[in-house]
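In what follows, a single structure is set out as structure tokens and then discussed.
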Amino acid sequence: MTGLGTERSERGKSAYADVMTVAAPPESTPVDDSLLDFVFADVWQRPGLTRRERRFITLPCVADADAEDPLRAHVYAALNSGDLTIVEIRETVLHFAVYAGWPKASRFNMIVDQEWNRIHQERGLPVPDPEPLLPLATPSDPDERLAVGAACFKDINCLPFAPDQDNPFQGAGILNFVFGEMWLRPGLERKERRLITVACVAFQDAPFPIVSHVYAALKSHDVSFDEMDELILQFAAHCGWPKAAHLSQVAAEQKRRVTQEWAAEADGAPQSSDT
């Protein structure tokens, strides 16, 4: 190996150890080399998002990938590094369940518990009791809860309307739980929930949610244009380039849309409701 190659290899190993909190595996294939040299030594080190924020993009990707070892490794790293608390990663599991499905979230949740126990065993410490689930900060009265959910839906999605309450999916699911509780839970900041959501809708291939959530993340200023670009690159590294290319196309369209809307708002012109 040349001097330049050796330097690049050592840089990749150091970056991997920094992110994953364990020693890098020995390189044996071009995939291994690229994983160290590009994914960890380049993508993870870029300044556009913090390492903690990149965890919220990566975890949904590996949880969806049906590859247990990477999921286990990234859960361990997120907790062992201290980048995410156990409360934050459990909230990530719940948010993932809503946007990616409960069966995969069940496995995600199981691995979080196992890796949390592993970390405490390695440190010779007892596993602390979980945080109490109750009381909830959101209303328990059904009508108040639906009203809160409708207001939260409008706020999160940057829309002047909310869904009707005339079927279980929209009333009990979307308004009562997703926006009447989950988006309002204190375990994560709204920006962190945006990162998880955009990653989930990007690998789901559902055309309306990917447009609506990319739009809302940008329109709300929760995610800047540059941060969205970094989100897409992080997503590409852990989910794949074809889906990332689609996400990039959607992001470019929504950047143009929100730029036009911001300009119209500054001029006092009426906003378009087109999606």
[X]-[Y] co-clustered via ILVMFWY side chain contacts under 4.5 Å:
| X | Y | answer |
| --- | --- | --- |
| L184 | L159 | no |
| F161 | V211 | yes |
| L36 | V31 | no |

statement: The complete set of ring-ring contact (aromatic ring centres under 6.0 Å, His included) pairs with one or both residues in residues 111-146, sequence neighbours excluded, reads W116-H120
message: As a quick check of understanding, evaluate salt bridge (charged side-chain N to carboxylate O under 4.0 Å, His left out) for E122 and R118, giving each step before the final call.
response: CA-CA 6 Å; E122 290 176 347; R118 171 191 168 191; 3.0 Å; yes
Can you tell me how far [atom2] of [Y] sits from [atom1] of [X], rounded to the nearest 0.5 angstrom?
| X | Y | atom1 | atom2 | result |
| --- | --- | --- | --- | --- |
| M228 | L233 | CE | CG | 13.5 Å |
| F96 | T197 | CZ | OG1 | 11.5 Å |
| L94 | I196 | CG | CD1 | 9.5 Å |
| E189 | E91 | CD | CD | 11.5 Å |
| L79 | I86 | CG | CD1 | 5.0 Å |
| D205 | H246 | CG | NE2 | 7.5 Å |

query: Which residues pass the side-chain hydrogen bond (donor to acceptor under 3.5 Å, both in side chains) test with R190, sequence neighbours left out?
result: D155, D222
Heavy-atom side-chain contact between [X] and [Y] under 4.5 Å:
| X | Y | value |
| --- | --- | --- |
| L247 | V198 | yes |
| E10 | K13 | yes |
| L59 | L84 | yes |
| F153 | Q170 | no |
| L49 | E227 | yes |
| H95 | C200 | no |
| R194 | F56 | no |
| V148 | F179 | no |

How far apart are the closest heavy atoms of [X] and [Y], and which atoms are they?
| X | Y | value |
| --- | --- | --- |
| A202 | I210 | CA-CD1, 3.8 Å |
| F108 | A63 | CD2-CB, 3.7 Å |
| S81 | R51 | CB-NH2, 3.8 Å |
| I57 | C61 | O-SG, 3.3 Å |
| A199 | F235 | O-CE1, 3.5 Å |
| L146 | G171 | CD2-O, 3.5 Å |

Hey, is [X] close enough to [Y] for a salt bridge, meaning N to O under 4.0 Å?
| X | Y | answer |
| --- | --- | --- |
| E181 | R185 | yes |
| E265 | K219 | yes |
| R52 | E88 | yes |
| E261 | R257 | yes |
| R54 | E230 | yes |
| K243 | D64 | no |

For the pair [X] and [Y], name the ring-plane relationship: parallel under 30°, tilted 30 to 60°, perpendicular over 60°.
| X | Y | value |
| --- | --- | --- |
| W262 | F225 | parallel |
| H238 | W44 | perpendicular |
| F177 | W102 | tilted |

Check for a donor-acceptor pair, side chain of [X] on one end and backbone N or O of [Y] on the other, with a separation under 3.5 Å.
| X | Y | value |
| --- | --- | --- |
| E53 | T50 | yes |
| T58 | R55 | no |
| S212 | P209 | yes |
| D141 | D143 | yes |

task: Kindly write out the residues that satisfy ring-ring contact (aromatic ring centres under 6.0 Å, His included) with F203, not counting sequence neighbours, or none if the list is empty.
output: none
- prompt: What's the verdict on side chain to side chain contact (heavy atoms under 4.5 Å, CB included) for K255 and V214, showing C-alpha distance, side-chain angles and the deciding distance?
  reply: CA-CA 9 Å; K255 287 177 185 178; V214 169; over 6 Å; no
query: Going through the distances and angles, do Q45 and V19 end up as a side chain to side chain contact (heavy atoms under 4.5 Å, CB included)?
result: CA-CA 9 Å; Q45 309 303 318; V19 173; 3.9 Å; yes
task: Could you give me the CA-CA distance, side-chain angles and deciding distance for T138 and R145, then say whether side-chain hydrogen bond (donor to acceptor under 3.5 Å, both in side chains) is met?
output: CA-CA 7 Å; T138 47; R145 193 173 172 85; 3.0 Å; yes
query: Side chains of R72 and Q114: is there a donor and an acceptor less than 3.5 Å apart?
result: yes
task: Verify whether one side chain among S106 and N109 offers a donor that lies under 3.5 Å from an acceptor in the other.
output: no
task: Show the numbers, then the answer: is there a side chain to side chain contact (heavy atoms under 4.5 Å, CB included) between R90 and E131?
output: CA-CA 10 Å; R90 284 176 172 155; E131 295 287 328; over 6 Å; no
- request: Might you work through the side chain to side chain contact (heavy atoms under 4.5 Å, CB included) test for F38 and D33, ending with a clear yes or no?
  value: CA-CA 8 Å; F38 175 64; D33 293 343; over 6 Å; no
